[in-house]
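Written below as structure tokens is the structure these notes are about.
Keep in mind it's a predicted model, so treat the numbers as computed, not measured.
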Amino acid sequence: MTDHSAEPGIADAEALETLRRLRGSIDNVDAALVYLLAERFRATKQVGKLKAEHGMPASDPAREEQQLARLRTLAIDAELDPEFAQKWFSFVVAEVIRHHVEAAEER
């Protein structure tokens, strides 16, 4: 709630500074997420090459279900909507499988 008795300029300046600080924090988290996703995809591309070399299927539904259950639990512990975590995971897995299929086709 805003204190309307304070000078408008001071309150606005404080709000703008808080906004700037919060946005800086968001920008840092976004950068970290990009680098973490890049690291994840480097690892999954290696998995895709290994699977292709050994004739393994691109998709592993049992592993995906285990991971999904684990991530939903982590999301709940982190106070993140588990449905959102599931959507994110499904999106990432679809991209991983696409990479694995490409690796198999290149062999």
Side-chain angles (χ1 to χ4, degrees):
M1 182 169 262
T2 305
D3 179 4
H4 295 290
S5 64
E7 293 181 46
I10 293 172
D12 290 345
E14 289 175 3
L16 289 173
E17 177 55 28
T18 300
L19 181 61
R20 185 201 62 73
R21 183 179 49 77
L22 291 170
R23 285 180 172 167
S25 179
I26 291 166
D27 291 350
N28 289 338
V29 171
D30 286 346
L33 287 171
V34 167
Y35 281 94
L36 287 171
L37 280 171
E39 181 62 26
R40 187 186 197 289
F41 278 105
R42 278 190 285 279
T44 59
K45 283 185 178 185
Q46 291 177 357
V47 168
K49 288 178 184 176
L50 182 67
K51 285 181 172 185
E53 289 170 3
H54 295 277
M56 298 174 177
S59 176
D60 184 345
R63 163 85 174 149
E64 292 163 26
E65 285 300 316
Q66 290 171 343
Q67 281 296 94
L68 182 56
R70 186 176 80 81
L71 291 175
R72 287 182 66 88
T73 299
L74 288 171
I76 291 167
D77 291 347
E79 298 180 9
L80 178 69
D81 179 1
E83 292 299 317
F84 173 78
Q86 182 170 342
K87 288 176 187 175
W88 170 82
F89 181 70
S90 296
F91 178 76
V92 170
V93 167
E95 186 67 8
V96 167
I97 291 170
R98 187 180 70 77
H99 292 169
H100 290 187
V101 168
E102 286 177 359
E105 289 172 350
E106 291 173 359
R107 298 238 3 114

Task: Main-chain N/O of T44 paired to H100 side chain as donor or acceptor, under 3.5 Å - done: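 Between the backbone of T44 and the side chain of H100 there is a qualifying donor-acceptor contact (under 3.5 Å).
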
- [ ] Measure from the side-chain N and O atoms of K51 to the backbone N and O of M56, and report whether any donor-acceptor pair falls under 3.5 Å.
- [x]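 Here the side-chain-to-backbone pair does not exist.
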
Task: Any side-chain donor near an acceptor of the partner, Q66 and R63, under 3.5 Å - done: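 There is no such pair (donor and acceptor under 3.5 Å, judged by atom type) between the side chains of Q66 and R63.
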
TODO: Taking salt bridge (Lys or Arg N to Asp or Glu O under 4.0 Å) as the test, write out the residues that go with E14, two or more places apart.
DONE: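 E14 satisfies salt bridge (Lys or Arg N to Asp or Glu O under 4.0 Å) with no residue once adjacent residues are dropped.
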
TODO: Using a strict 4.0 Å threshold on nitrogen-to-oxygen distance, state whether R98 and E102 make a salt bridge.
DONE: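 Looking at E102 together with R98, the answer is yes, because their closest N to O distance falls below 4.0 Å.
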
Open item on the list: Any salt bridge linking R72 with E83? Criterion: basic side-chain nitrogen under 4.0 Å from a carboxylate oxygen.
Closed with: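 Counted as a salt bridge, because a side-chain N and a carboxylate O are separated by less than 4.0 Å.
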
Task: Non-neighbouring partners of E39 that pass side chain to side chain donor-acceptor pair (under 3.5 Å), sequence neighbours left out - done: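 Per chain and number, E39 pairs via side chain to side chain donor-acceptor pair (under 3.5 Å) with R42.
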
Open item on the list: Who clusters with L80? Use side-chain heavy atoms, under 4.5 angstrom, across I, L, V, M, F, W and Y, and order the result by chain and number.
Closed with: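 Besides L80, the cluster holds F84.
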
Please report, to 0.1 Å, the donor-acceptor pairs under 3.5 Å made by any side chain of residues 23-33, with sequence neighbours excluded.
| from | atom 1 | to | atom 2 | distance (Å) |
| --- | --- | --- | --- | --- |
| N28 | ND2 | G24 | O | 3.4 |

Open item on the list: Under the side-chain contact (heavy atoms from CB on, under 4.5 Å) test against S59, which residue among V96, I97, V93 passes?
Closed with: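 So the option named by the test is I97.
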
TODO: Start with the C-alpha gap between Q86 and L68, add the side-chain angles, then the distance that decides, and say whether side-chain contact (heavy atoms from CB on, under 4.5 Å) holds.
DONE: CA-CA 7 Å; Q86 182 170 342; L68 182 56; 3.4 Å; yes

Open item on the list: Per the ring pair (Phe, Tyr, Trp, His ring centres under 6.0 Å) rule, what does the pair list look like for residues 40-65, sequence neighbours excluded?
Closed with: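 Found F41-H99.
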
Open item on the list: Give me each pair satisfying ring pair (Phe, Tyr, Trp, His ring centres under 6.0 Å) with a member in residues 15-36, each pair once, sequence neighbours excluded.
Closed with: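 Every pair satisfying ring pair (Phe, Tyr, Trp, His ring centres under 6.0 Å) with a residue in residues 15-36: there are none.
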
Open item on the list: Hydrophobic clusters here meaning ILVMFWY residues chained together by side-chain heavy-atom distances under 4.5 Å, can you tell me if V92 and V101 are in one?
Closed with: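 Result: yes, single cluster for both.
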
Task: Minimum-distance pair of heavy atoms, taken over all atoms of A75 and A85 - done: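 Residues A75 and A85, closest heavy atoms: CB-CB, 3.7 Å.
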
